[in-house]
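Each remark here refers to the structure printed beneath this line.
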Amino acid sequence: MDATTVLAEINGNIATVGYGLAAIGPAIGVGIVVGKTIEGVARQPELAGRLQVLMWIGIAFTEALAFIGIATYFIFV
Amino acid sequence: MTTAPRDPADRTPTSNPVLRRALVWGGAIAAAIAVVGGILGFAFAGPEGLVSALLGTLLAVVFMGITGASILLANRFAGSDLFVGAFFGIVLGGWLLKFIVFIVLVVLLRGVDWLDPVVLFLSIVAGVIGSLVVDVLVVARSRLPYASDAHLPPPPSDD
């Protein structure tokens, strides 16, 4: 069976792929934000409070797109 | 607002007041967005629009607020040997749980006839953006000591 036939057999909503992408992107982003925070706190534990706030604002921005991406389920038919 | 000088033995991270303030202001801005969104939703989509706007704003602000709330919860373990593990376990576990619950809610709410999907989507976007704006404003206006165990003079009273 060649690739064209396989692709022709696939059915469903292509927007579903978008929900997966909406989860992967922010997951990588939050992973980087948190990993760098761990690194920073390990180097300078007395900066923990400051780094936590920066981490929190970084997570907030990263996850915002995930929320909007997943919420598009409501409008994509 | 003046704060009492910190106890030198106090190991609580200095981020707590900032996060708490962000949660309070996030709730306030959510109420404002819910009122405006509810009026617009009712005007454009009737009772379903009103319910959708209220629900969408609630979802956005609760789910955006969980990050800050989980950090506040995790900071209760400050000073214990398990702090680093507990902190990232609670914050990242909360993040994962939040997204699973959000995806399940979105799937459950998709087909119901008492919601208007477009109003719901737009109010979620408005709630997320409003929450981000509040977060940025609170952080920009916050006064964080450079180190958690440093003693600073009292903050200015205009805050």
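Each chain gets a letter, A, B and so on, in the order the sequences are listed, and its residues count up from 1.
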Has A:D2 got more than 12 heavy atoms of other residues, nucleotides or ligands less than 6.0 Å from its CG? yes
Can you tell which part of B:V91 gets under 4.5 Å to a heavy atom of chain A, answering side chain, backbone, both or neither? side chain
Does a side-chain heavy-atom distance below 4.5 Å link A:W56 with B:D135? yes
Aromatic centroids of B:F121 and A:Y73 separated by under 6.0 Å: no
Heavy-atom distance under 4.5 Å to chain B: side chain of A:I70, backbone, both or neither? both
Taking side chain as everything from C-beta outward and backbone as N, CA, C, O, which of these in B:V138 sits under 4.5 Å from a heavy atom of chain A? Side chain, backbone, both or neither. neither
Determine which pairs satisfy salt bridge (charged side-chain N to carboxylate O under 4.0 Å, His left out) with at least one residue from residues 60-71 of chain A, sequence neighbours left out, and list them in order. A:E63-B:K98
Which answer fits B:F63, side chain, backbone, both or neither, if we ask what part of it has an atom under 4.5 Å from a heavy atom of chain A? both
Can you tell if the side chain of A:V41 reaches within under 4.5 Å of the side chain of B:V84, non-hydrogen atoms only? no
I need the residue from B:L59, B:N75, B:V106 with the largest number of non-hydrogen atom pairs under 4.5 Å to chain A. B:V106
Turns out that what part of A:I57 lies under 4.5 Å from chain B's heavy atoms comes down to side chain
Interface check, chain A: of B:I129, B:L109, B:I71, B:I124, most non-hydrogen pairs under 4.5 Å belong to B:I71
Proximity breakdown for A:A66 and chain B, heavy-atom pairs closer than 4.5 Å: both
Heavy atoms of B:S15 and A:G49 approach each other most closely as CB-O, 3.2 Å
If I measure from the heavy atoms of chain A, does B:V118 come under 4.5 Å with its side chain, its backbone, both, or neither? both
Please confirm whether B:R110 makes a cation-pi placement over A:F74, using NZ or CZ under 6.0 Å from the six-membered ring centre and within 45° of the ring normal. no
